[in-house]
Protein chains: 4
Amino acid sequence: MVFGLRTDMSVSKTRTYKAADERRAQILDCALHAFAEHGYHGASIADVCARAGIGRATLYQYFRDKRDVLVCLAERIAVRVLDAYQHRTPWSLPPGYRPTEAQVVAFMQKRLAEVLEVVFEDAATARLLLTAGRGADGVVDDLLGRIDRAILGTIEAELRVAMEAEAIRPLDAHFVARFFLGGFEKIVLSYLEEGRPIDVHAIAREAALLEVCGIYPRGDAPPEPRH
Amino acid sequence: MVFGLRTDMSVSKTRTYKAADERRAQILDCALHAFAEHGYHGASIADVCARAGIGRATLYQYFRDKRDVLVCLAERIAVRVLDAYQHRTPWSLPPGYRPTEAQVVAFMQKRLAEVLEVVFEDAATARLLLTAGRGADGVVDDLLGRIDRAILGTIEAELRVAMEAEAIRPLDAHFVARFFLGGFEKIVLSYLEEGRPIDVHAIAREAALLEVCGIYPRGDAPPEPRH
Amino acid sequence: MVFGLRTDMSVSKTRTYKAADERRAQILDCALHAFAEHGYHGASIADVCARAGIGRATLYQYFRDKRDVLVCLAERIAVRVLDAYQHRTPWSLPPGYRPTEAQVVAFMQKRLAEVLEVVFEDAATARLLLTAGRGADGVVDDLLGRIDRAILGTIEAELRVAMEAEAIRPLDAHFVARFFLGGFEKIVLSYLEEGRPIDVHAIAREAALLEVCGIYPRGDAPPEPRH
Amino acid sequence: MVFGLRTDMSVSKTRTYKAADERRAQILDCALHAFAEHGYHGASIADVCARAGIGRATLYQYFRDKRDVLVCLAERIAVRVLDAYQHRTPWSLPPGYRPTEAQVVAFMQKRLAEVLEVVFEDAATARLLLTAGRGADGVVDDLLGRIDRAILGTIEAELRVAMEAEAIRPLDAHFVARFFLGGFEKIVLSYLEEGRPIDVHAIAREAALLEVCGIYPRGDAPPEPRH
DNA sequence: GATGAATGAGTGTTCATTCAT
DNA sequence: TATGAATGAACACTCATTCAT
């Protein structure tokens, strides 16, 4: 025939059956990647369902609506991230002990690595938290904001403890916590966007050094202004 | 409801005429606020035009499509922000001069304030740059990314100059620039989200101190570890 | 009018369900009539869907866009028309046999009727092919053009065969094929436009006679120019 | 600057003033070409005005609306075409004279060429008549239809005269007139679409021969069926 | 439990046309 | 006369969501 007719034989017709919990988890996984790739608004329900190999209507047996998918996703992530954050190596200073600068750096480096490893466990999650989920929806913003504030609160609390122990100088903990977290996020984002391979420990070392020491030179022999 | 009652009697029917340049600028202003408030996808053309008090079709005499509005907006912002960034007080160190820590802090505080004042000039712009415009569209992402990289490049270059002058310690300029900018952005965002009144100079002071000195205490009398 | 009164109470609210193939065919049928009646540009998607008694979005589950509807329609017609054209009674002349004028006329009449019956099977199709689809869209024009050329090619080939068999006089087959087809089309159009009842066989007879004999008188007793 | 801003310096700002008649004619010319190129629906008012180098609003000082442009255009064409058709070399047969086949062919060839030369005077007109204007609008269809019927009427009348003079065989003049005109139009169209150079006289010769003699061979020595 | 089929409510966009200068 | 500016009314199209099986 001269005129080609459309024939679409490639779509598999077989249904797949799964236990409810599995399906739910699978849908969330697919949604995570879809949202991470195209953003919440850019990813369509059809997109998510295609990845999961299910019909569009099926999704609605597990989630109330599109937003619900994102909310549940955010909740799942929140649990993981907060859990990781809270199980980090705690400040455990003998009262009255005053650590050296090098000790503080080493200590922070370890703690940072613990968190970074969780966040970087998968890039899609990081992307969702930092980019795709932002400004998506009031409720989700709230949830992401809560995660944010929880982490910030943890950092703040630590800083206050350290201040009281005089392990660090007096500072505005609220401010510093935000500044640090923002710095981290930007680093993570830049890695994500550049698609570079990530050396978590190198990042942690650099960040810890920066946070602890700042950029001004110091040393055993503090430099004298030359007149 | 069978009977639809037109409730909005306040809309004037009279056309308003304006010079093309004015209209264009006005539309961009309205779009800025609409996008900042609801995000790029969340804000509709109707929304933007309602704010401007014009018919929807009018917008299309000035912009090719919705994306074009965002692109032009981003361009307008880019010009302003980059301009401000590039006209900051430059590092002007007498060759071989080695500033004290306090001098460096004071100097950076001044420079930071110069940029922050531009970004905070209006909250909507900040919100667009940091939230609403992200992930909205490939082209805009590119543009925002270019702004980002331009600022980062400037910071990096400054850090390298300062390093060579030994005004700051050796460090990974690429990394540090990102970390700083990320910190700033997070601070700005937190102010935006909390709707708090902003004391630009206080922020600048705090940030400069943090960047320069880090969190570890130091002083004329460096603290001794008390076992 | 402040109060909008919904006047169209006759529209049923109940969904109708159909197998995909049926729906698709039904939509094509409705589109055919809508396009034939108002032209491709003049007919709206809403128009087509209203005829089919479906929501506007439903159409887009079967066709990519409005153009796709026309393309598929053209394809469907193309198959039918070309099929009919190619299965016509073939020239089957014993080699060396030289048919009389009357035989050629009778033969062509039969062949013409076979095609005309297909084209006239429904007036809407004819109208689409000859009027509504023309100049509507580059792709469709291509397709209609291909149908056109396919038919023309068939006619040309036949003419060449007949010429070689000396059943007809030597002529420019390319030219004659176009002239004949154009003549047919105009006749068809005039019937469509006048809404006259159509006697396919009468048309075929007349056309065959004209094609074969031309308008100049001839006969057993060829007329003598008087003086 | 890194970010290119749009600057459109190329549009000339100078107004052009013209006498009303000139302007009107100029607009019609531009409309002719615009319609011929993109079809009536496909060509926009903006398109027409851009060709004429005038503002869109200016057009409405000369024509009521878009349709009016096409109507006036069609009227202008109608005058020209009908005029040409009616001033053709008339049948001027001495009563009772019976021309030979060759004479009829030569005569018709001459008359055909006279019309073809007018139609082909410019391709845009031909395209408008045969393609772009079809199905555009009820009123315009009427007008084009009137042109069509006028030409057909002329042909019919001639055929009837010739029949009475027994210069041609008895036939259904209504039918034959349509068939001939359709044939012509198709030939013209094929030339237009293929963009081929046109030899009007060759076309006229071929068409005349076909119309007069048909495709069946004839001659001084009528061929005998060889059983 | 799973899904193909169907859709309402909305979006961005176009374009012929009008208004004020 | 000429036009830049403005727009209503339409349109094609999308997508999250629901229904019937």
Side-chain angles (χ1 to χ4, degrees), chain A residues 11 13-20 23 41 43-49 53-69, chain B residues 13-20 22-23 41 43-49 52-67 69, chain C residues 13-20 22-24 41 43-49 52-67 69, chain D residues 13-20 23 41 43-49 53-69:
Chain A
V11 177
K13 282 270 177 188
T14 55
R15 293 185 176 190
T16 59
Y17 287 81
K18 276 196 173 177
R23 250 294 114 82
H41 285 290
S44 69
I45 290 288
D47 196 345
V48 174
C49 293
I54 60 173
R56 285 201 296 282
T58 307
L59 184 141
Y60 288 86
Q61 296 210 313
Y62 296 92
F63 301 95
R64 195 175 7 270
D65 52 22
K66 190 185 184 185
R67 204 178 63 178
D68 191 36
V69 177
Chain B
K13 279 276 177 187
T14 55
R15 292 183 176 189
T16 59
Y17 283 82
K18 277 194 170 177
E22 270 181 83
R23 249 295 116 80
H41 288 290
S44 71
I45 292 288
D47 196 345
V48 174
C49 293
I54 59 173
R56 287 205 300 282
T58 305
L59 184 142
Y60 287 88
Q61 293 225 319
Y62 297 92
F63 302 96
R64 201 180 351 276
D65 51 21
K66 191 185 183 186
R67 203 180 65 175
V69 177
Chain C
K13 278 275 176 188
T14 56
R15 293 182 175 189
T16 58
Y17 282 83
K18 277 195 171 177
E22 269 181 82
R23 243 304 109 80
R24 205 186 135 85
H41 288 289
S44 70
I45 291 289
D47 196 345
V48 174
C49 292
I54 59 174
R56 288 201 298 281
T58 305
L59 184 142
Y60 288 91
Q61 293 225 317
Y62 297 93
F63 303 95
R64 203 183 345 280
D65 52 21
K66 190 184 184 185
R67 203 180 64 176
V69 177
Chain D
K13 284 271 178 186
T14 55
R15 292 186 177 190
T16 59
Y17 287 81
K18 277 195 171 178
R23 250 295 112 84
H41 285 290
S44 69
I45 291 287
D47 195 346
V48 174
C49 293
I54 60 173
R56 286 200 297 280
T58 307
L59 184 142
Y60 287 86
Q61 298 212 313
Y62 297 92
F63 302 95
R64 194 174 12 267
D65 53 22
K66 190 185 184 184
R67 206 178 60 180
D68 191 38
V69 177

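We use all heavy atoms of the structure for the numbers below, so side chains are in, but hydrogens, waters and symmetry mates are not. Lettering follows sequence order; numbering is per chain, from 1.
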* **Between C1' of F/dT21 and CZ of C/Arg15, the distance in whole Å** => 13 Å
* Length of the NE2-C1' vector between C/His41 and E/dT14, whole Å -> 13 Å
* Asked: Is there a donor and acceptor pair closer than 3.5 Å between the side chain of A/Arg56 and the base of E/dT3?
  -> no
* Asked: Considering only F/dT3, F/dA6, F/dA2, which nucleotide approaches the side chain of D/Tyr62 most closely?
  -> F/dA2
* To do: Check every atom of E/dT17, F/dA16, F/dT7 against the side chain of A/Ser44 and return the nucleotide holding the closest atom.
  => F/dA16
* To do: May I ask you to say what C/Ala52 touches in the nucleic acid, namely base, sugar-phosphate or nothing, with a heavy-atom cut-off under 4.0 Å?
  => nothing
* Should C/Ile54 and C/Arg23 count as side-chain neighbours, where that means a heavy-atom distance under 4.5 Å? -> yes
* **B/Tyr60 or C/Gly55, whichever maps to the more 5' nucleotide of DNA chain E** => C/Gly55
* Asked: How would you label the contact of A/Ala20 with the nucleic acid (heavy atoms, under 4.0 Å): base, sugar-phosphate, or nothing?
  -> nothing
* Structure fact -> Winner on side-chain proximity to C/Ala57, out of E/dA5, F/dC15, F/dT7, is F/dC15
* Does E/dT21 have a Watson-Crick or wobble mate here (both distances under 3.5 Å), and if so which one? -> F/dA2
* In whole angstrom, what separates B/Leu59's CG from E/dT11's C1'? -> 13 Å
* **A/Gln61, nearest nucleotide to its side chain (from F/dA2, F/dC19, E/dG1)** => E/dG1
